[in-house]
Amino acid sequence: MNPEITDELIEEHGLSKEEYKRILSILGRDPTITELGIFSVMWSEHASYKNSILQLKTLPRSGECLLKDAGEENAGVVDIGDGFAVAFKIESHNHPSALEPYQGAATGVGGILRDVFTMGARPIASLNSLRFGSLDNPHVKHLLKGVVKGIADYGNCMGIPTVAGEIYFDDSYEGNPLVNVMTVGTIKHEHIATAAAYGVGNYVLYVGSSTGRDGIHGATFASVELTEESAEKRTSVQVGDPFMEKLLLEATLEVIKNDLVVGIQDMGAAGLTCSSSEMAAKAGTGVDIDVSLVPKRETGMTPYEVMLSESQERMLLVIEPKNFKKVQEVYEKWDLHVVKIGEVTDDKMLRVRNIGKIVAEIPAHTLVLGGDAPVYKRDTKKPSYLEALQNFDENTVPEPHDYTQVIKQLLSCPNIASKNYVYTQYDHMVRINSVIEPGSDAAVIRIKGTNKALAMTTDCNGKYCYLDPYEGTKGAVAEAARNIVCSGGKPLAITNCLNFGNPYKKDVYWYFSECIRGMGDACRFFKTPVTGGNVSFYNETVKSAVYPTPTIGMVGLVENLKNVTSQFFKDVGDLIVLLGNSCESIGGSEYLQIVTGKVVGHAPKVDLDFEHKVQTACLQAIKMGIIRSAHDCSEGGLAVALAESCFNPYGLFGVKITLTSSHRLDFVLFGEAHSRIIISIRRDDLNKLNQILNKIDVPSHILGEVIHERFIIDDFIDAPINNLYDLWYHAIERKMQNVQ
């Protein structure tokens, strides 16, 4: 039965009156309820990027190392030499995780894994970037516990190590946590798959798990603000099964490797609707499918429900008819559904039937990103409050009387403290390819069959982007590259997860536009093109939007395993050297927030040319075998970076530091300026290091030496290193005690 399409029904589907008029123009008639649902999910922000695509197109989306340009496929693919490539992508699962933290996070992991292995790549590592409110809030503790368990259980069951990430805590994320998940996989060039329905007459196959009512309108749900009313839509949260996904992964890689697949796409956001329409539109063909043939786990499901369900662990394949039996044998061997539900046509239509009767018939290109889906550029306005925040006079902050107490406070701050509470729940050693484990600047995973490795990281400081979105996002790219370099890698490319509030609000869209501008400038400078990613708008509650959080996921190549470097000091007596300049400001720093309770000041600015020089010098010295450890200065500044370098998991070290800067001591110790790397070297390598630095014109400062047991900075800080380590290592664990 097809209900009457009323104004209320249109509004319930998240469509504007103008968009509905556009639907009438496309179809030349009133839509069926199934067609209305299809347009609703495909024209939602989550699927169509209608409020962001014009901005995204300004980013550098191609490069000499890219084998697939941004947006072409399920995940970006980058050449790493010797016939190998790396596929990687990051996406958000914010709204589902706010309502059902375990399933929301778990299915986020499952979805990003499928994006990678549909490329034909075997996932080798996962990362995540998480944002929560204050850990003093019991509900935030509940969310953190559920999200971490969801990520851990799904990844551990899949046998994919979770090796790196970041976690921040701030009141801005109180009611709307951010859960961004990233996966990296490796692939031979000849096995790269495509997400297109080529070949008229080819079969369209449904493979994987059965379809249920979970996740219906998940894409639409992700395209509205979280309110009490939207929170009731818990059916929009999918339910995952990692054991089923493991079977799907192995079967899919097998059929791709055996060249049995013409096209393949994950049924992610918008489920069968998205995969069928996008595959047809990309190939310039049509798809004719019958939903009555789709395996279902619930009775009485309508075509509307089948097309919009976002049930997990499902794929859509296009194959040549001659290969059907071989493909069927593979998936049945792995106890998975494999059903022919339709064929590729030449009329460029998405045609949906139910027991043969047509229930939807839409030109495929009108539904998709890059086709005729609506595109908008919203109005912008710089927030009036920003100037006052930026013009905060840092010199009004009194210098601390007890610097030892300050470093203890900073090391106990959840944004700086060890994240071992989280990463010890992840199996980061499964498949035994992890060279550097969680806790250092970047994770490093060896590439089997080669002497190479991949370095990977996620980075973004939302406070910086709140105070200055352009510089904050430049800084996120620069810090990601710095973390890759500190680990011995050359930055290759990025993926991004852009988390913002409601794009219809002028200040939110200004932040978004400025972040895109900063990302574009930095990526062009570092020659790290954007391979793809995810835009997540509407991350706000009735109180406010989250901080603008353009998370950067970066992958770099370590050409030789002997160049792998960690952040930890190695031997007593080694010299400690700062590459870069002393810090003169505490704007946007953790220290300033602790002292004032405010996020104020100018965010650290990035001189890209100088940043590149510092990174180039560091990487050259690493390749020459001079550098024993390397760690970037970020949250907490120089003092915290020194302490973190002491916390070697195989044995603690101390430092004896002498400072020579003429700037305020607390600015020097706790300011968070970019373009600074702390390295340790053998004393007899100092001349070799200076030759590199002089040639590239990079300033350096000998800070002191590695010692036993104590953390000493001039006459201002003196503490047993094991005491500092205990505060840092157990801070979050202590906050999380007594969580139900």
Side-chain angles (χ1 to χ4, degrees), residues 436 440-442 444 451 455 478 481-491 556-583 607-633 637-639 641-646 648 650-651 653-663 668-669 673-708 710-714:
I436 293 184
S440 194
D441 281 3
V444 179
N451 195 39
R482 200 158 59 241
N483 284 331
I484 296 294
V485 165
C486 286
S487 304
K490 175 187 176 182
L557 180 64
V558 182
E559 291 281 2
N560 192 317
L561 282 168
K562 71 178 183 180
N563 296 329
V564 173
T565 308
S566 74
Q567 72 181 41
F568 307 112
F569 295 140
K570 301 299 187 295
D571 279 308
V572 168
D574 284 349
L575 283 180
I576 302 169
V577 181
L578 173 67
L579 305 184
N581 292 315
S582 183
C583 187
D607 180 332
L608 294 176
D609 184 64
F610 183 67
E611 176 77 43
H612 186 254
K613 286 181 178 180
V614 171
Q615 293 186 21
T616 299
C618 183
L619 190 56
Q620 283 191 18
I622 286 174
K623 289 182 176 180
M624 286 185 64
I626 296 171
I627 291 181
R628 308 204 70 198
S629 70
H631 184 29
D632 84 310
C633 291
L638 178 67
L642 285 166
E644 290 171 338
S645 299
C646 292
N648 191 318
Y650 299 103
F653 291 97
V655 296
K656 187 174 183 181
I657 303 297
T658 301
L659 298 176
T660 58
S661 175
S662 60
H663 304 300
V668 172
L669 287 177
H674 290 291
S675 311
R676 297 182 299 158
I677 299 174
I678 292 173
I679 64 170
S680 64
I681 62 171
R682 296 182 179 89
R683 290 179 179 272
D684 55 9
D685 282 332
L686 182 59
N687 287 337
K688 294 178 183 177
L689 175 65
N690 285 333
Q691 289 176 13
I692 294 173
L693 299 180
N694 291 336
K695 184 177 180 180
I696 302 175
D697 191 25
V698 172
S700 66
H701 307 270
I702 298 176
L703 298 177
E705 65 176 337
V706 180
I707 64 171
H708 286 298
R710 300 199 72 81
F711 188 83
I712 302 170
I713 299 180
D714 287 327

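FYI, side chains are in, hydrogens and waters are out, and symmetry mates aren't considered; it's all heavy atoms of this structure.
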Non-hydrogen side-chain atoms of [X] and [Y] separated by less than 4.5 Å:
| X | Y | result |
| --- | --- | --- |
| C646 | F569 | yes |
| V655 | I712 | no |
| I707 | F653 | no |
| C618 | I627 | yes |
| V614 | V485 | no |
| T658 | I702 | no |
| S629 | K570 | yes |
| C633 | I677 | no |

So with a 6.0 Å cut-off around NE2 of H663, is the heavy-atom count from everything else above 12?
yes
Report, as yes or no, whether the 6.0 Å neighbourhood of atom CZ on R710 holds more than 12 heavy atoms from other residues, nucleotides or ligands.
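More than 12 heavy atoms, drawn from other residues, nucleotides or ligands, come within 6.0 Å of this atom.
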Worked check of side chain to side chain contact (heavy atoms under 4.5 Å, CB included) between S487 and T565
CA-CA 5 Å; S487 304; T565 308; 5.7 Å; no
One pair to check against side chain to side chain contact (heavy atoms under 4.5 Å, CB included): I626 and I692. What are the steps and the verdict?
CA-CA 10 Å; I626 296 171; I692 294 173; 3.8 Å; yes
S440/S566 under side chain to side chain donor-acceptor pair (under 3.5 Å): CA gap, chis, key distance, verdict
CA-CA 6 Å; S440 194; S566 74; 4.9 Å; no
Can you name the closest pair of heavy atoms from [X] and [Y] and give their distance?
| X | Y | answer |
| --- | --- | --- |
| R676 | G637 | NH2-CA, 4.1 Å |
| S700 | L579 | CB-CD2, 4.3 Å |
| N563 | I622 | O-CG2, 3.3 Å |
| P699 | N581 | CG-OD1, 3.2 Å |
| L693 | A617 | CD2-CB, 3.7 Å |
| K613 | V698 | O-CG2, 3.4 Å |

Going by the rule side chain to side chain contact (heavy atoms under 4.5 Å, CB included), which residues pair with E559 if we only count those two or more places apart in sequence or in a different chain?
K452, L557
Just by distance, do the side chain of [X] and the backbone of [Y] share a donor-acceptor pair under 3.5 Å?
| X | Y | result |
| --- | --- | --- |
| D632 | C486 | no |
| R683 | L575 | no |
| N694 | N690 | yes |

Stepwise, does the side chain to side chain donor-acceptor pair (under 3.5 Å) test hold for H674 with E611?
CA-CA 8 Å; H674 290 291; E611 176 77 43; 5.1 Å; no
Kindly indicate, with the supporting measurements, whether the criterion side chain to side chain contact (heavy atoms under 4.5 Å, CB included) is fulfilled by V706 and I576.
CA-CA 7 Å; V706 180; I576 302 169; 3.9 Å; yes
Verify side chain to side chain contact (heavy atoms under 4.5 Å, CB included) between Q567 and I678, making sure each step is shown before the conclusion.
CA-CA 9 Å; Q567 72 181 41; I678 292 173; over 6 Å; no
Can you measure from [atom1] ([X]) to [atom2] ([Y]) and round to the nearest 0.5 angstrom?
| X | Y | atom1 | atom2 | value |
| --- | --- | --- | --- | --- |
| I696 | T616 | CD1 | OG1 | 5.5 Å |
| S645 | I679 | OG | CD1 | 11.0 Å |
| Q615 | K490 | CD | NZ | 12.5 Å |

With H701 via ring-ring contact (aromatic ring centres under 6.0 Å, His included) - residues at least two apart
none
When you check the gap from the basic side-chain N to the acidic O, do D571 and R628 get nearer than 4.0 Å?
yes
